[in-house]
Amino acid sequence: MENNKINFIEFQATDLKEIKKFYGNTFGWIFTDYGDTYCDFHEAGISGGFAKTNVVTTGGTLVVLYHNNLSLAIENVKKNGGKIIVDIFSFPSGRRFEFIDPSGNKLAVWSDK
C-alpha cells in the first residue's frame, strides 16, 4: 500500500444481490459478504465494496474502468441490466462510454484500443 493513493472505493447499492449479479456477470468481479448490508469486491483492479442503502446519492466523482474491447463491454453492461447514458465516444487517448448500474451509480469504461 502507498500513502496518498486510492486504496478502496465504496459504492452504494439498493439491492446487494442484484448489484453482485450485475458486476459479477458484466466484469467478472468476485464478492465477499459481510452480513446483509455490505460486501467487498475483488478482481476489479482496486479493492472496494458496496454498502446497502435505500437511496443512492451521486456526486461529481466518476469511477472509470478499463476494458480492451469496448464493444464487448457495452454489450455486457446492457445485457446485465445497466443503462448506457453516454454512448462510445473518442477522446485524445482512446474511447469510452458511461453507464448507470442497477442501483443508480454512474461509471465509465474506457479503452486505448
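None of these values were measured; they are calculated from a predicted model.
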Quick one: does K52's side chain have a donor or acceptor within less than 3.5 Å of a partner on T14's backbone?
->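 Between the backbone of T14 and the side chain of K52 there is a qualifying donor-acceptor contact (under 3.5 Å).
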Look at the side chain of Q12 and the backbone N and O of T57, then say whether any donor-acceptor pair between them is shorter than 3.5 Å.
->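 The answer is yes, because a donor-acceptor pair under 3.5 Å joins these two groups.
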Is the shortest side-chain heavy-atom distance between [X] and [Y] below 4.5 Å?
X    : Y    : result
D87  : F89  : no
N105 : I100 : no
Y38  : E10  : yes
K21  : N80  : no
L107 : F11  : yes

Count the heavy atoms of every other residue, nucleotide or ligand shown that sit under 6.0 Å from CG of D112, and state whether that count exceeds 12.
->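 Correct, the count exceeds 12.
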Answer yes if [X] and [Y] sit in the same cluster of Ile, Leu, Val, Met, Phe, Trp and Tyr residues linked by side chain heavy atoms under 4.5 Å apart, and no otherwise.
X   : Y   : result
F31 : I46 : yes
I88 : L72 : no
W29 : F8  : no

Could you grab the distance from atom [atom1] of [X] to atom [atom2] of [Y], nearest 0.5 Å is fine?
X   : Y    : atom1 : atom2 : result
K78 : F97  : NZ    : CZ    : 9.0 Å
I74 : K79  : CD1   : NZ    : 13.5 Å
T53 : D15  : OG1   : CG    : 12.5 Å
N76 : N25  : CG    : CG    : 9.0 Å
S71 : K113 : OG    : NZ    : 14.5 Å
E75 : I84  : CD    : CD1   : 11.0 Å

Donor-acceptor side-chain pairing of T32 and H42 below 3.5 angstrom |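 Side chains of T32 and H42: pair found under 3.5 Å.
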Should the ring pair F50 and Y23 be called parallel, tilted or perpendicular, given that the plane angle runs from 0 to 90° and is split at 30 and 60?
->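 Tilted, since the angle between the ring planes falls between 30° and 60°.
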Is the F22 ring parallel, tilted or perpendicular to the F27 ring (thresholds 30°, 60°)?
->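 If you compare the ring of F22 with that of F27, the planes turn out perpendicular.
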If you look at every heavy atom in N69 and S111, which pair is closest and at what distance?
->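 Result for this residue pair: N-OG, 4.5 Å.
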Compare every heavy atom of A13 with every heavy atom of I19, then report the nearest pair and how far apart it is.
->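 The answer is CG2-CB, 3.9 Å.
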Looking at L65, V109, L62, which one forms a side chain to side chain contact (heavy atoms under 4.5 Å, CB included) with R96?
->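 The passing option is L62.
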